[in-house]
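Along the sequence shown, residues carry numbers from 1. What's counted below: heavy atoms across the whole structure, side chains too, no hydrogens, waters or symmetry copies.
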Amino acid sequence: MAEEKKIRVMVAEDMPLLREDCCDTVDQQEDMEIVGSAASGQEICALAREKDCDVILMDIEMETMQAGIVAAEAIHQSRPEVKIIFMTAHETDEMINSAMASGAVDYVVKGCPDEVLLEHIRKAYTDQINLDPHIRQTVMKEYTRLRQSERSLIFFINNVARLTG
């Protein structure tokens, strides 16, 4: 009987203890394996170019405040099939919106139970994204704000167009 394909996971986390714990948790799962880990945004970008993976658990704040977001954008451009899940302690609306705009599929707050993190990995892998209600609400609020801004801009442009020849 053929062996089931494992979910190939990479971890980007600058704190060695957290990175090791996360890798150990994932590697203990029968349906997952760690295929790489990195301590910086630059390292995870290089790793994602060299090795195939399905899911990347990405810290936001590594060598810079937004290193994970910059890395996610770069990885998403060259490897859009890779599912990126942010793992961070930051829950500000601005950080959530920046992170989700990078092409990430999910956002998990550090310190959540292992089972929750593992569920997020499995759901991301099978395209059954399950955003936390707070994250979903924040993203939808920003989407609504952008739509209203777009409507206001179109209204303004139409009115200016009528005034000028």
Side-chain angles (χ1 to χ4, degrees), residues 7-15 18-19 22-23 25-26 32 34-114 116-158:
I7 304 169
R8 299 164 300 176
V9 180
M10 288 186 188
V11 176
E13 167 61 62
D14 62 333
M15 297 178 77
L18 286 176
R19 187 172 60 248
C22 192
C23 288
T25 298
V26 170
M32 298 179 195
I34 291 292
V35 294
S37 68
S40 71
Q42 289 181 337
E43 278 182 41
I44 196 66
C45 285
L47 209 51
R49 283 191 299 269
E50 296 166 14
K51 289 183 163 184
D52 285 336
C53 72
D54 302 304
V55 176
I56 298 175
L57 296 175
M58 180 89 71
D59 184 19
I60 290 180
E61 189 177 331
M62 291 183 280
E63 68 271 34
T64 65
M65 287 288 290
Q66 295 206 339
I69 292 172
V70 172
E73 289 170 345
I75 292 166
H76 186 69
Q77 282 186 345
S78 61
R79 308 279 307 277
E81 74 281 4
V82 174
K83 310 290 194 298
I84 297 173
I85 300 173
F86 279 110
M87 226 179 21
T88 183
H90 300 284
E91 268 194 286
T92 65
D93 287 0
E94 183 182 341
M95 190 64 80
I96 292 167
N97 289 324
S98 295
M100 296 309 291
S102 72
V105 298
D106 204 349
Y107 192 105
V108 179
V109 177
K110 283 182 185 176
C112 68
D114 290 348
V116 171
L117 178 62
L118 296 168
E119 179 185 352
H120 279 267
I121 294 169
R122 289 182 181 105
K123 289 205 182 258
Y125 178 69
T126 58
D127 292 322
Q128 300 174 33
I129 309 309
N130 186 24
L131 285 175
D132 173 86
H134 171 69
I135 305 300
R136 184 174 42 247
Q137 182 180 17
T138 301
V139 170
M140 290 310 297
K141 189 167 62 176
E142 178 66 2
Y143 173 77
T144 301
R145 187 192 69 76
L146 290 171
R147 290 289 302 177
Q148 288 169 345
S149 294
E150 180 185 35
R151 277 199 218 71
S152 296
L153 182 61
I154 290 169
F155 178 78
F156 174 77
I157 291 170
N158 285 337

**Message:** Using a 3.5 Å distance criterion without hydrogens, assess whether the side chain of Lys51 forms a donor-acceptor pair with backbone atoms of Val35.
**Reply:**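 Yes, the answer is positive, given that a donor and an acceptor are paired below the 3.5 Å cut-off.
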**Asked** Is the backbone of Arg8 close enough, under 3.5 Å, to the side chain of Asp54 for a donor and an acceptor to pair up by distance?
**Response**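 The answer is yes, because a donor-acceptor pair under 3.5 Å joins these two groups.
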How many angstroms lie between atom [atom1] of [X] and atom [atom2] of [Y], to the nearest 0.5 angstrom?
{"X": "Ser37", "Y": "Ile56", "atom1": "OG", "atom2": "CD1", "answer": "12.0 Å"}
{"X": "Lys83", "Y": "Ile121", "atom1": "NZ", "atom2": "CD1", "answer": "13.5 Å"}
{"X": "Met10", "Y": "Cys23", "atom1": "CE", "atom2": "SG", "answer": "11.0 Å"}
{"X": "Met62", "Y": "Ile69", "atom1": "CE", "atom2": "CD1", "answer": "10.0 Å"}
{"X": "Ile84", "Y": "Leu57", "atom1": "CD1", "atom2": "CG", "answer": "10.5 Å"}

What closest approach, in Å, do [X] and [Y] show between heavy atoms, and which atom pair accounts for it?
{"X": "His76", "Y": "Ser102", "result": "CB-O, 3.7 Å"}
{"X": "Ala72", "Y": "Phe86", "result": "CB-CZ, 3.6 Å"}
{"X": "Gln42", "Y": "Glu63", "result": "N-OE2, 3.4 Å"}

Just wondering, do [Y] and [X] contact through their side chains at under 4.5 Å, heavy atoms?
{"X": "Gln66", "Y": "Ser98", "result": "yes"}
{"X": "Asp106", "Y": "Lys123", "result": "no"}
{"X": "Ile75", "Y": "Cys45", "result": "yes"}

**Request:** Give me the one residue out of Ile7, Val82, Ile44, Leu47 that meets side-chain contact (heavy atoms from CB on, under 4.5 Å) with Cys53.
**Result:**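 The side-chain contact (heavy atoms from CB on, under 4.5 Å) with Cys53 is passed solely by Val82 among Ile7, Val82, Ile44, Leu47.
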**Request:** Consider only side-chain N and O atoms of Gln128 and Thr126, and report whether a donor and an acceptor are under 3.5 Å apart.
**Result:**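 Yes.
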**Salt-bridge contact Arg19-Asp59 (side-chain N to carboxylate O under 4.0 Å)** =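 A salt bridge is absent here (no side-chain N lies under 4.0 Å from a carboxylate O).
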